[in-house]
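Shown next, in C-alpha cells, is the structure this report addresses.
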Amino acid sequence: MKNEALIKLVQDFSPWDAQEAADRESALRALSTFEDILSRDNPIIHLCASPWIMSRDMKSVLLVYHRLYDSWGWCGGHCDGDEDLCAVALREGMEESGLTRLQADERLLGLDILAAPRHMKHGRQLSTHLHLNFTYLCFADERETLHPCEREVKGAMWIECRNIRSHVREQHMIPVYERLCERALSRYKNIW
C-alpha cells in the first residue's frame with residue numbers, strides 16, 4: 001500500500017484538540033487517496049514538514065519572516081519525495097534560520113491541514129492548494145547566531161511564546177502556534 005508508513009504515523013498520532021482531530025481524519029483520507037502526495041505534482045495537497053524551534057528553557061520560539069505571507073511564522077517546507085518528515089523539518093529549520101545545531105524530538109508534535117493561497121513561485125502561477133503539515137519539536141541554543149536564508153525569508157528572530165500574537169499577522173495561524181507551545185510545554189517540560 002502506498003503511503004503506508006505515513007498512514008501509520010497519522011493513525012498513531014493523538015490529536016490535541018478538535019481541530020487537530022478533524023485534520024487527522026482528513027490527512028488519513030488524503031494519504032489513502034493520493035499516491036503522489038509526496039510530490040508537488042499533486043494539484044490539491046502537498047506534504048510539508050515544519051520544525052517548532054524552541055529555546056532550551058522553552059520560553060521562546062524561533063520565527064522567520066515569510067515573504068509570501070508577509071508575516072512572522074514557523075520554518076518549514078515541502079517534502080519533495082522525502083518520507084523522513086523529521087529530517088525534512090530539520091533541514092528546513094536549518095536552511096531558513098541558519099542554525100546549525102538543531103536537536104529534534106522525532107515524535108510528531110502537531111498535524112495541520114492549511115490552505116496555501118494562489119501565488120507566484122519561480123515565475124509560475126500556483127493555484128490555491130492545501131498543505132498537510134507535520135510538525136516536530138526542535139531545540140536550539142538562543143545564543144547561536146542566526147543567518148536567515150534571504151532567498152526564503154526576510155529575517156529570523158526569537159520571540160517569547162507569550163508574545164506570538166503581537167508578531168504574527170496571519171490570524172488563522174495564531175491558534176496553531178499557541179497549540180504547539182502548549183503541547184510542547186505539556187509534553188516536554190521535564191526534558192532538560
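Please read all numbers here as calculations on a predicted model, not as lab measurements.
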Q) Got a salt bridge between E96 and R151, using NZ or NE/NH1/NH2 to carboxylate O under 4.0 Å? A) no
Q. Would you call D105 and R187 a salt bridge, using N to O less than 4.0 angstrom?
A. no
Is it true that a side-chain atom of [X] and a backbone atom of [Y] form a donor plus acceptor pair closer than 3.5 Å?
X    : Y    : value
S50  : C75  : yes
S32  : R29  : no
S60  : S55  : no
S186 : E182 : no
D112 : N133 : no
R24  : P15  : no
Y177 : W74  : yes

With rounding to the nearest 0.5 Å, note down the distance linking [atom1] in [X] to [atom2] in [Y].
X    : Y    : atom1 : atom2 : value
T135 : W52  : OG1   : CH2   : 8.5 Å
I37  : I44  : CD1   : CD1   : 10.0 Å
L185 : K59  : CG    : NZ    : 10.5 Å
C48  : I113 : SG    : CD1   : 11.5 Å
M54  : L109 : CE    : CG    : 9.0 Å
Q103 : F139 : CD    : CZ    : 9.0 Å

Q. Between D36 and N42, do the side chains contain an N or O donor and an N or O acceptor separated by less than 3.5 Å?
A. yes
Q. Is there a donor in the side chain of E144 and an acceptor in the side chain of T100, or the other way round, less than 3.5 Å apart?
A. yes
Contact check, side chains of [X] and [Y], non-hydrogen atoms, under 4.5 Å:
X    : Y    : result
D57  : E142 : yes
L132 : L31  : yes
L85  : L108 : no
H131 : I45  : no
D82  : L38  : no
D80  : S39  : no
H167 : M157 : yes

Q | Pairs flagged by salt bridge (Lys or Arg N to Asp or Glu O under 4.0 Å) wherever residues 163-174 is involved - sequence neighbours left out | A | D70-R169, R165-E178
**Q.** By ring-ring contact (aromatic ring centres under 6.0 Å, His included) - contacts of F134 (at least two apart)
**A.** none
Q. Do L114 and W16 belong to the same hydrophobic cluster, where Ile, Leu, Val, Met, Phe, Trp and Tyr are linked whenever their side-chain heavy atoms lie under 4.5 Å apart, directly or via other members?
A. no
Q) Are I164 and V64 connected in a single hydrophobic cluster, I mean Ile/Leu/Val/Met/Phe/Trp/Tyr linked by side-chain heavy atoms less than 4.5 Å apart? A) no
Q. How is the hydrophobic cluster of L99 composed, in terms of its other members, when Ile, Leu, Val, Met, Phe, Trp and Tyr link through side-chain heavy atoms under 4.5 Å apart, directly or indirectly?
A. I53, L62, L90, M94, L102, L146, W158
Q. What orientation do H46 and H129 show, parallel under 30°, tilted 30 to 60°, or perpendicular over 60°?
A. tilted
Side chain to side chain donor-acceptor pair (under 3.5 Å) with [X]: which residues, sequence neighbours excluded?
X    : result
E160 : R162
E20  : R179, R183
Q19  : D23

